Amino acid sequence: MTQDMITLGFDDIIRRLQEQAVSEKARQLLAETKPILNEGQCRARMEETTAARFVMENAGTPPLPETDAAEESLFEAVQGGMLLPIQLSAVARFSSTVQRLCRYLMGVQVYSAGIASWHTQLPDLGQLQDRIERSIREDIILDDASPALRSLRRQKERAEQGIREKLNQVLQSHKKELADSYITQRGGIYVIPVQKRFQSTFPGQTVDSSAKGNTVFMEPSAARSLRLELEALLADIDAEERRVLWELSDTVASQEEPLRQALRTATELDMLFARAKLSMEMKARPAELSADRVIRLAEAKHPQLDDAACIPLNLELALPDSGIAITGPNTGGKTVCLKTVGLLTLMAQSGLHIPCGEGTVICMADRVLCDIGDNQSISQNLSTFSGHMTNVVRILEECSKDSLVLLDELGSGTDPSEGSGLAVAILEELLRRGCFFMVTTHDPQVKQWAQKKEHVVPARMAFDKASLKPLYHLELGMSGESCAIEIARHLGMDEGLLTRARQIADIGPDAQPKPVQRPMRVPASNLKRLAVKTEGAFEHFRMGDSVLLLPDNKNAIVYKSADDQGYVVIQLQGQKMKVRHNRLKLLAPADQLYPPDYDLSIVFDTVANRKAAHTMERKHDPAAVVVLEEGKEN
């Protein structure tokens with residue numbers, strides 16, 4: 001699916017179409033729906049959709065089978081696998097539904113011979129269905145699957161009955177040793193509860209014990225031989241059940257070709273009736289498709305808009321005219337108009353019905369190309385204008401005489417005069433190619449060009465200036481005003497600003513502004529800034545002051561005064577560190593400790609630093625390095 005289709009909302013239509021399908025296979029194939037470029041095939045697809053909807057309206061929804069489970073089971077059987085009962089049941093259900101679908105199709109002959117003819121593509125799977133259903137029901141293998149299986153299961157029932165009778169005898173003869181009088185099973189073995197203290201004397205074998213250990217579950221010796229006979233029967237039953245499943249799996253594999261034919265036909269019908277269901281959901285109808293150069297929309301609606309609130313669109317464009325230039329206010333529905341034309345074209349050319357009135361004609365296009373919306377991209381370093389131009393360049397590279405081109409706000413987002421020139425030049429090129437195009441604009445020069453240019457139809461979206469409300473219907477043959485100032489007033493813009501805007505629009509930006517009697521109110525700021533610390537907000541220390549570091553109670557010397565955050569750099573035991581000012585207590589100021597002009601570098605710098613600094617004062621020495629220490633926070 002192309003980006004143009006996604007921009008127009010075709011992907012959403014396809015999702016809605018997929019929701020109408022019964023099988024996952026049909027949904028996957030419907031995801032690949034795209035416009036048909038062959039006129040004959042396109043018309044045939046539309047006629048099929050129309051016929052399918054007519055059939056559904058008169059005969060009801062067809063009994064379409066869910067194909068996925070049957071297809072997976074067939075694949076496994078053909079690969080030589082043994083199908084489980086639930087898989088065989090899926091094949092039987094599919095076969096049964098195919099039979100019902102066939103009868104449905106044969107019954108709609110009166111409504112559509114074409115739809116009814118699909119029954120010839122459905123093979124008779126009745127024998128396969130009967131064969132499976134005689135042996136399988138959901139996840140159960142029936143006794144009737146084979147005479148041997150029926151006989152073995154009867155023997156099993158008798159063996160189980162014999163075990164229960166034997167255990168009942170034991171219950172009667174060993175009441176004193178029992179913890180309770182009932183028969184149960186542990187690990188598939190019939191047992192009875194025996195008191196722990198009689199475990200060693202009770203004639204039998206311990207199989208399990210209770211949670212508390214007071215009771216043991218024992219198999220009486222008298223029942224052991226019967227249990228071994230039962231286990232042998234169970235093994236024979238399992239072998240016979242597997243033989244039945246293998247036989248049925250081989251039967252399914254032998255019907256590979258008719259089953260695949262039924263799966264293909266059922267999927268095709270699922271897709272066909274999905275288009276009909278979508279038509280009914282959208283209250284749509286077939287449109288006439290034509291490869292001639294004509295578009296005629298009658299009471300057309302955008303399928304993604306609420307049906308009750310959507311204003312129908314009426315539009316006609318036919319040779320010798322090639323383009324429509326739409327003007328009008330921002331809220332008038334110009335972009336919706338473009339999207340409606342583009343989306344309905346894509347839908348109709350894909351064989352889908354569209355929400356429109358009788359007489360609608362859709363012109364087939366080899367491509368529907370559009371530039372709609374903001375194409376700004378931060379990741380690709382594209383401004384809005386650059387994004388639009390990148391798209392337009394692509395459109396011009398792909399556009400043929402049979403393309404439909406939709407351009408929204410062409411030439412906007414840049415210098416007005418240059419944008420106007422670009423817009424007109426692009427439209428002239430589209431006109432030269434002879435393709436159908438529609439463009440929306442607020443640009444006065446583009447409006448004038450459209451009004452004067454032959455084969456271009458000016459149009460406007462109707463707008464009620466009295467109520468300042470858009471009317472959302474297209475009027476061909478005339479240009480409209482943007483009504484920007486009126487709309488801004490309606491939306492609550494300050495009257496003083498509107499007066500100034502009108503003045504600039506009429507005279508130009510050099511017009512002297514008139515005095516404003518009541519300027520707009522400027523709200524107070526809610527920004528919370530960091531408070532600026534003034535000098536004296538915390539105790540000031542100077543280089544050389546002798547201080548006491550708290551709570552360590554260690555003597556130190558101030559290397560750098562407090563910064564704006566109140567951090568002081570001190571030297572403690574030859575190491576420099578940053579500490580909060582409130583951790584320092586002044587012992588003696590520097591002017592009491594050192595004579596005037598005393599070189600404090602003697603106190604703070606290393607001998608190597610002082611030598612390097614002295615050397616650099618006398619001459620340049622590239623090998624001299626002075627290391628400055630800022631101090632670590634503490």
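For clarity, every value in this text was computed on a predicted model and none was experimentally measured. This chain uses plain numbering: 1 for the first residue, then up along the sequence.
Within the model, atoms CD1 of Ile13 and CE of Met5 stand 13.0 Å from one another, a figure rounded to the nearest 0.5 Å. Interatomic distance, Arg15 CZ to Leu30 CG, rounded to the nearest 0.5 Å: 14.0 Å. In this structure, CD1 on Ile326 lies 7.0 Å from CG on Leu315, to the nearest 0.5 angstrom. Note that CD1 of Ile324 is 9.5 Å distant from CD of Glu316, once rounded to the nearest 0.5 Å. For the atom pair CD (Glu288) and SG (Cys356), the distance works out to 11.0 Å, reported to the nearest 0.5 Å.
Every residue two or more places apart in sequence or in another chain that forms a salt bridge (Lys or Arg N to Asp or Glu O under 4.0 Å) with Arg394 is listed here: Asp4, Glu398. Listed by chain and number, the residues in a side-chain contact (heavy atoms from CB on, under 4.5 Å) with Glu39 are Arg43, Ala291, Met364 (sequence neighbours excluded). Applying the side-chain contact (heavy atoms from CB on, under 4.5 Å) test to Ala262 and every residue at least two apart in sequence or in another chain returns Phe94, Val98, Pro123, Leu125. Listed by chain and number, the residues in a salt bridge (Lys or Arg N to Asp or Glu O under 4.0 Å) with Glu47 amount to none (sequence neighbours excluded). Remark: Glu57 pairs with Arg53 by the salt bridge (Lys or Arg N to Asp or Glu O under 4.0 Å) rule, at least two apart or across chains. By the side-chain hydrogen bond (donor to acceptor under 3.5 Å, both in side chains) test, Gln20 pairs with Glu281, sequence neighbours left out. When the side-chain contact (heavy atoms from CB on, under 4.5 Å) test is applied to Thr120, no partner is found at least two apart in sequence or on another chain. Partners of Lys401 under the side-chain contact (heavy atoms from CB on, under 4.5 Å) rule, at least two apart in sequence or in another chain, do not exist in this structure.
Contact check on Arg432 versus Glu428 returns no salt bridge, with no Lys/Arg side-chain nitrogen under 4.0 Å from an Asp/Glu carboxylate oxygen. Comment: Glu397 does not engage Arg433 in a salt bridge, judged by the lack of any side-chain N to carboxylate O separation of less than 4.0 angstrom. Note on Glu138 versus Arg93: salt bridge recorded, some NZ/NE/NH1/NH2 to OD/OE distance being below 4.0 Å.
In this structure a side-chain-to-backbone donor-acceptor pair under 3.5 Å is missing from Thr97 to Leu64. Side-chain atoms of Asp321 do not come within 3.5 Å of backbone N or O of Leu317 as any donor-acceptor pair. The main-chain N or O of Val294 is never found under 3.5 Å from a side-chain atom of Asp292 such that the two would form a donor-acceptor pair. Not one N or O on the side chain of Tyr104 forms a donor-acceptor pair closer than 3.5 Å with the backbone of Thr61.
Annotation: Met106, atom CE; neighbour count of heavy atoms from other residues, nucleotides and ligands within 6.0 Å does not exceed 12. Within 6.0 Å of NZ in Lys25 there are 12 or fewer heavy atoms belonging to other residues, nucleotides or ligands.
Pairs engaging residues 26-35 under the side-chain hydrogen bond (donor to acceptor under 3.5 Å, both in side chains) rule: Glu24-Arg27 [sequence neighbours left out]. Residue pairs satisfying the side-chain hydrogen bond (donor to acceptor under 3.5 Å, both in side chains) criterion with at least one member in residues 356-368, sequence neighbours excluded, are listed as follows: Asp366-Ser400, Asp366-Ser403. Counting only residues at least two apart or on different chains, the salt bridge (charged side-chain N to carboxylate O under 4.0 Å, His left out) pairs with a member in residues 267-277 are Glu48-Arg275.
Residues Leu406 and Phe437 fail the side-chain proximity criterion, which asks for heavy atoms closer than 4.5 Å. Using a 4.5 Å heavy-atom cutoff, the side chains of Met56 and Pro62 are in contact.
Between the side chains of Thr265 and Gln261, at least one donor-acceptor pair of N or O atoms lies under 3.5 Å.
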For residues 336-343, which side-chain N or O atoms pair as donor and acceptor with protein atoms under 3.5 Å away, sequence neighbours left out?
{"from": "Thr340", "atom 1": "OG1", "to": "Val336", "atom 2": "O", "distance (Å)": "2.7"}

